[in-house]
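Some notes on the structure that comes next.
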Number of protein chains: 2
Amino acid sequence: MAGTLAVVGEKWSLLVLREAFLGVRRFADLQRNLGAPKAVLTDRLGTLVEQGILRRVPYQAEGERQRHEYRLTTKGIDLYPTLVALMQWGDKYLADDVAPLALEHRDCGSPVHLGLVCDDGHELSGAREVRAVPRQGASRAG
Amino acid sequence: MAGTLAVVGEKWSLLVLREAFLGVRRFADLQRNLGAPKAVLTDRLGTLVEQGILRRVPYQAEGERQRHEYRLTTKGIDLYPTLVALMQWGDKYLADDVAPLALEHRDCGSPVHLGLVCDDGHELSGAREVRAVPRQGASRAG
DNA sequence: GTTCGAGGTTCGTCAAGTGAACTCAGCCGG
DNA sequence: CCGGCTGAGTTCACTTGACGAACCTCGAAC
């Protein structure tokens, strides 16, 4: 866990990824949506690319010179549950009125949420139903 | 989401919460386990208490004066999925050898993981099976 | 060959993080 | 009653990082 935070724990990283999941790929759009200083955004995008979470892909809009856009890699897409977890908590405890974004299953249309499930197929109600078991062979990092 | 990050997005907050979930409650133990400067730890604990994520509970060890310990509130416990999400991603992409901590269902003993499930009971394979639908009535905050 | 705009870089300022040293409150042993 | 010990902070000097504004650069269009 500490490792993950070292990678994406900086101030704007997860917000950049949120935009990425919403389909925002261009520097200027990210900058406008987030309101982050350009210098910080440049730096964050750089480290996310370094970490293999985003890819820098060339593209060319009509009548413009070639530029680069930022796309999620598989490694980046796998951070989706993290973002959803943050979102759900915010929706529950911080939302003024109603969640501003709903997630639904693309196939069946019903609402999607994040849950703890065990390999027997039970869905757990929360942290109290989980036992954490330390393992040997590594100090705790997660 | 931005709101959630404003609350727990600072450098040590989520690590403090990890320790809390592992049962660490005392200032000195937190400080030792995390290696965070005392000043920062004091500040983080203070804001987490302010936010209602931790409670300051008096306790008294034998032969010592009364002190305070920090315990998770319900609001804090509900951050569990966030931590698990960070942990699972770290286990997948950053672990040197093997995950240092395994989670199991307290009732049936089988491994627990975090998954996206829809209200029809399907478990989704990942972000690509989800569609995000904006709602009216609020600007996006999540 | 000047303008325009995306995608940066540079710079001065200011907030936040960091570690070491210091404080404070009580319990204890002498 | 005195002085030392310990857990929990606080203060301080220093370094790192965030911030906003201004500047630079490349290529297309005029």
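Just so it is clear: chains get the letters A, B, ... in the order the sequence lines come, proteins before strands, and each one is counted from 1.
- Computed from coordinates, the B:Leu41 CG to D:dG7 C1' distance equals 13 Å when rounded to whole Å.
- In this structure, A:Tyr70 reaches the C:dG8 phosphate: one of its side-chain N or O atoms is under 4.0 Å from OP1 or OP2.
- In this structure, A:Tyr59 reaches the C:dG7 phosphate: one of its side-chain N or O atoms is under 4.0 Å from OP1 or OP2.
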When the side chains of residues 73-80 of chain A are checked against the rest of the protein, which donor-acceptor pairs come out under 3.5 Å, sequence neighbours left out?
| residue | atom | partner | partner atom | Å |
| --- | --- | --- | --- | --- |
| A:Thr73 | OG1 | A:Gly52 | O | 2.5 |
| A:Thr73 | OG1 | A:Ile53 | O | 3.2 |
| A:Thr73 | OG1 | A:Lys75 | N | 3.3 |
| A:Thr73 | OG1 | A:Gly76 | N | 3.2 |
| A:Lys75 | NZ | A:Gln51 | O | 2.7 |
| A:Asp78 | OD2 | B:Lys92 | NZ | 2.9 |
| A:Asp78 | OD2 | B:Tyr93 | OH | 2.4 |

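- The minimum heavy-atom distance between B:Pro58 and B:Gln66, with the atom names listed, is CB-NE2, 3.5 Å.
- B:Gln88 and B:His113 share no donor-acceptor pair across their side chains, judged by distance under 3.5 Å alone.
- Per the geometry, CG belonging to B:Leu45 stands 14 Å off C1' belonging to D:dG7, to the nearest Å.
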Report summary line: The contact string for nucleotides 18-29 of chain D, one letter per nucleotide 5' to 3', using protein heavy atoms under 4.0 Å with B, S and - for base, sugar-phosphate only and none, comes out as SSB-----BSSS
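- Atom NE2 of B:His68 is separated from atom C1' of C:dG26 by 14 Å (rounded to the nearest Å).
- B:Arg56 places its CZ atom 10 Å from the C1' atom of D:dG9, with the value rounded to the nearest Å.
- Note on B:Leu54 and B:Val57: separate hydrophobic clusters, where clusters join Ile, Leu, Val, Met, Phe, Trp and Tyr whose side-chain heavy atoms are under 4.5 Å apart, directly or indirectly.
- Rounded to whole Å, atom C1' of C:dG8 lies 10 Å from atom CD of A:Gln31.
- The line from OG of B:Ser13 to CG of A:Leu5 is 10.0 Å long, rounded to the nearest 0.5 Å.
- At whole-Å resolution of the value, CZ in A:Arg25 and C1' in C:dG7 are 18 Å apart.
- Rounded to a whole Å, the CZ atom of B:Phe27 is 17 Å from the P atom of D:dT6.
- The closest side-chain donor-acceptor pair between A:Arg26 and A:Tyr59 falls under 3.5 angstrom.
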